[in-house]
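Single-structure report; data block below.
So you know, we letter chains A, B, ... as the sequences are listed, proteins then strands, and number each from 1. These numbers were taken from a predicted model, which means no experiment stands behind them.
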Number of protein chains: 2
Amino acid sequence: MKALQKRIGITQDALAQSLTERFIFGEEALDGLMPSTRILAEEYGVSRLFLREVLAGLQRQGLIETFPGKGVYVRKPSMLNAARNVHTTIRQSTATARDLIEARGNLEEQCAALAAERATTEDIAQMEFALKALDNANGLIPMAQADIAFHSLLAKSTHNPVLQIMFGSITTLAFDTMLRSLSDPEIYKEGAPLHYTILKAVKNRDGLAARKAMSKHIHLAEYSYKNDLDRELREIAERIVKDVLQSTSSIEEILSSALKEYSVDLGQS
Amino acid sequence: MKALQKRIGITQDALAQSLTERFIFGEEALDGLMPSTRILAEEYGVSRLFLREVLAGLQRQGLIETFPGKGVYVRKPSMLNAARNVHTTIRQSTATARDLIEARGNLEEQCAALAAERATTEDIAQMEFALKALDNANGLIPMAQADIAFHSLLAKSTHNPVLQIMFGSITTLAFDTMLRSLSDPEIYKEGAPLHYTILKAVKNRDGLAARKAMSKHIHLAEYSYKNDLDRELREIAERIVKDVLQSTSSIEEILSSALKEYSVDLGQS
DNA sequence: CACCAACACCTATCTGACAAGTCAGATAGG
DNA sequence: CCTATCTGACTTGTCAGATAGGTGTTGGTG
C-alpha cells in the first residue's frame with residue numbers, strides 16, 4: 001500500500017477527495033459539468049486512465065454521472081444509490097429473513113411514528129396514490145412495486161435523511177421479501193388492510209397507532225415465512241429471481257423504476 | 001446506455017455478476033486467490049483494462065482485495081466496509097446532528113435490548129475491555145476510539161448482521177459526534193457511567209434496563225449540542241477534522257484502527 | 001544447510017490510438 | 001431570408017502494448 005504512494009505523487013483516494021472538495025462541495029462546475037477528463041488529467045499530472053478510475057469511484061458513490069460524448073456531470077446525491085453496495089453485502093452475509101424482519105420492524109415502526117408527526121399533505125397524497133395503485137395492481141411485480149413505494153414514502157415522510165438512508169440500505173432486501181409475501185394470497189389479505197390503518201393513523205397524527213399497525217404489518221411475515229424464516233436471505237433472493245423474474249430484467253431495475261414512478265426521491269430532502 | 005451494450009459483447013455489470021457467482025458464491029478459488037487479470041481477461045474475451053474496472057468495482061464493494069505482485073484475493077465481506085459509501089452521502093445531505101441522534105437512538109436502543117438477550121460471555125468480556133480502556137485512555141482520540149468500540153461491540157452482540165450493517169453505516173458519523181461530545185468534560189462525566197449501567201444490564205439479561213440506559217446515554221447529546229443540534233453534520237465533521245486531527249491522519253483511519261484493535265469484526269458473524 | 005541472486009509471475013500505471021456519441025456552427029439549397 | 005444538412009471539434013469508452021515495481025520460487029553457490 002505504502003509503496004504505491006511512493007511511486008506516483010498522488011493516491012487515488014487523495015485525488016478523489018480533492019475532486020469532491022473542488023466540484024461537489026466547492027462552487028466550481030456550477031452548471032454541473034466538470035472539465036473533460038483530458039484537461040483534468042493534465043492538470044493533476046496523472047494519466048487519463050488513472051483519473052478515469054478515480055471518477056469511476058465517484059460515480060459508484062453516486063456523486064457524479066458520466067455521459068459518453070457529453071461529459072461528466074456533478075449529480076445531486078441520492079440516498080438510494082449510496083446504499084446500493086450495502087445490500088449486496090447483506091446478501092453475501094449469513095443474514096436470515098428473521099434478522100431482516102427484526103431490524104426492519106424496529107426501523108419502520110420508528111418511521112411510522114415520526115411520519116405521523118411530520119408528514120405533509122403532499123406526503124400523504126403520495127402515499128394514498130401508492131395504496132390505490134396497490135389495490136388496482138395487476139400482477140405480482142406491480143403489486144410489490146406499489147408496496148415498496150408506500151413504505152419508502154413513509155420513510156421519506158419522517159423528513160430525517162439519516163432514517164431515509166437506513167431504510168434505503170435495506171430496500172432491495174425488503175423488496176425481495178415482499179415479492180415472496182405477496183405471492184401468498186392469505187398473507188396479502190391480512191396485510192393489505194394494515195396499510196390503510198397506518199395511513200389513517202398518520203393522517204390523525206396518532207404516532208402510537210401508526211407504530212402499532214406497522215409492527216403488526218411487518219411481523220405478519222414471521223408467520224408466513226415458516227421454514228424460510230431462518231434461511232439465508234441470499235437463497236430467498238435467488239429463488240425469487242428465478243421464479244418471478246425469469247431473467248427479464250434485474251430486481252434493481254424494477255425497484256428503481258418503481259421509486260421513480262411514485263416519485264420517491266429519497267435524498268435531497 | 002444501450003449503445004455501449006451493443007458495441008461489446010458484455011456489460012461491466014454482467015461480467016461483475018458472472019465473476020461474483022463464480023468466485024464469491026461459487027466454489028472456485030477455494031484458497032481465495034483468483035486467476036490473474038491476464039488469464040481472466042482472455043477467458044472472457046475482454047481487455048485487461050475492462051476487466052480491471054470490473055474488479056475495481058468489486059473491490060469497492062469489499063468483495064475482493066488486490067495485492068500488487070501477489071494477485072486478487074476473494075475477501076470475506078466486511079459490514080463496515082460495505083457501509084463506507086453511505087456516510088459520505090450523509091455528510092453531503094442536509095442531515096443534522098438532531099437527525100443522527102434520532103435515528104441512532106432508536107437503533108442503539110434496540111441493539112442494547114437484543115444484546116441483553118444474546119450477548120455471549122466473550123462479547124461481554126470484549127465490552128468490558130473497551131470500557132476499561134476508555135477509563136484509562138489518555139487524550140481525546142483514544143477515548144473516542146474506545147467509546148465507538150464499545151458501541152460497535154454492542155451492535156455485534158445482537159448477532160444480527162442486518163443491525164450490524166445499519167450501525168456500520170453511521171459509525172463514522174457517530175465517531176464524529178463522539179469526538180465533539182468527549183471534548184466536553186461535563187458531558188463525559190455524566191455519560192461515561194451510563195456505559196457501565198448498560199453493560200451491567202446486559203450481564204443481568206435485563207433488556208429493558210439496557211434500553212433505558214442507552215436511551216439516556218444517547219439523548220444526553222441533545223443537551224450538550226445546543227446550538228450545533230440543528231447544524232448540518234458536514235460542518236461539525238469539518239470542524240472536528242480541523243480542530244482535533246490537524247490533518248495528521250484521516251478520521252476513517254483512526255476509526256478502523258480502533259475497530260481492529262478492539263477486534264470488532266463487524267461482519268462474518 | 002544457509003544464503004542469495006536470477007527468474008517468473010503478479011498488479012498498477014502510462015502512452016498513444018481509435019471508435020462512437022454529441023453539439024455548435026458553417027454551408028448549401030430552397 | 002429561412003431551413004435542412006453536414007462538417008469538425010469536442011466528449012467518453014475502450015483497446016493493445018510497454019514499463020515499473022512488488023512477491024515468491026528456484027536453483028546454484030558458499
When you check the phosphate oxygens OP1 and OP2 of D:dT14, does a side-chain N or O of B:Gln12 lie under 4.0 Å from one of them? yes
Return whichever of B:Lys70 or A:Thr37 has its heavy-atom-nearest nucleotide of DNA chain D closer to the 5' end. A:Thr37
OP1 or OP2 of C:dT11 sitting under 4.0 Å from any side-chain N/O of B:Arg52? no
Picking from D:dT12, C:dT13, D:dA16, which would you name as closest to the side chain of A:Phe50? C:dT13
Interface polar pairs with nucleotides 6-10 of chain D, N/O, under 3.5 angstrom:
none

For the side chain of B:Leu49, starting at C-beta, report the closest nucleotide among C:dC10, D:dC15, D:dT11. D:dC15
Please list, chain by chain and in numerical order, all residues satisfying side-chain contact (heavy atoms from CB on, under 4.5 Å) with A:Phe129, sequence neighbours excluded. A:Tyr262
Distance in Å, B:Leu182 CG paired with B:Leu140 CG, rounded so as to fall on 0.5 Å steps: 6.0 Å
Check the side chains of B:Gln12 and B:Glu53 for a donor-acceptor pair under 3.5 angstrom, ignoring hydrogens and angles. yes
For A:Phe150, which residues count as a ring-ring contact (aromatic ring centres under 6.0 Å, His included) partner, sequence neighbours excluded? A:His195
Using a cut-off of strictly less than 4.0 Å, decide whether B:Thr66 has a side-chain nitrogen or oxygen near OP1 or OP2 of C:dA12. yes
CE/B:Met143 to OG/B:Ser183 distance, rounded to the nearest 0.5 angstrom? 9.0 Å
Is the ring pair B:Tyr73/B:Phe67 parallel, tilted or perpendicular, if the boundaries are 30 and 60 degrees? perpendicular
Residue set satisfying side-chain contact (heavy atoms from CB on, under 4.5 Å) with A:Ser36, at least two apart, ordered chain then number -> A:Arg38, A:Ile39
Establish whether the base of D:dG13 is bridged to the side chain of A:Arg48 by a donor-acceptor pair shorter than 3.5 Å. yes
Across all chains, not counting sequence neighbours, the side-chain contact (heavy atoms from CB on, under 4.5 Å) partners of A:Gln126 are A:Glu122, A:Asp123, A:Leu153, A:Lys156, A:Ser263
Under a 3.5 Å cutoff on both atom distances, Watson-Crick or G-U, what's the dot-bracket for DNA chain C ([ ] crossing, | other strand)? ||||||||||||||||||||||||||||||
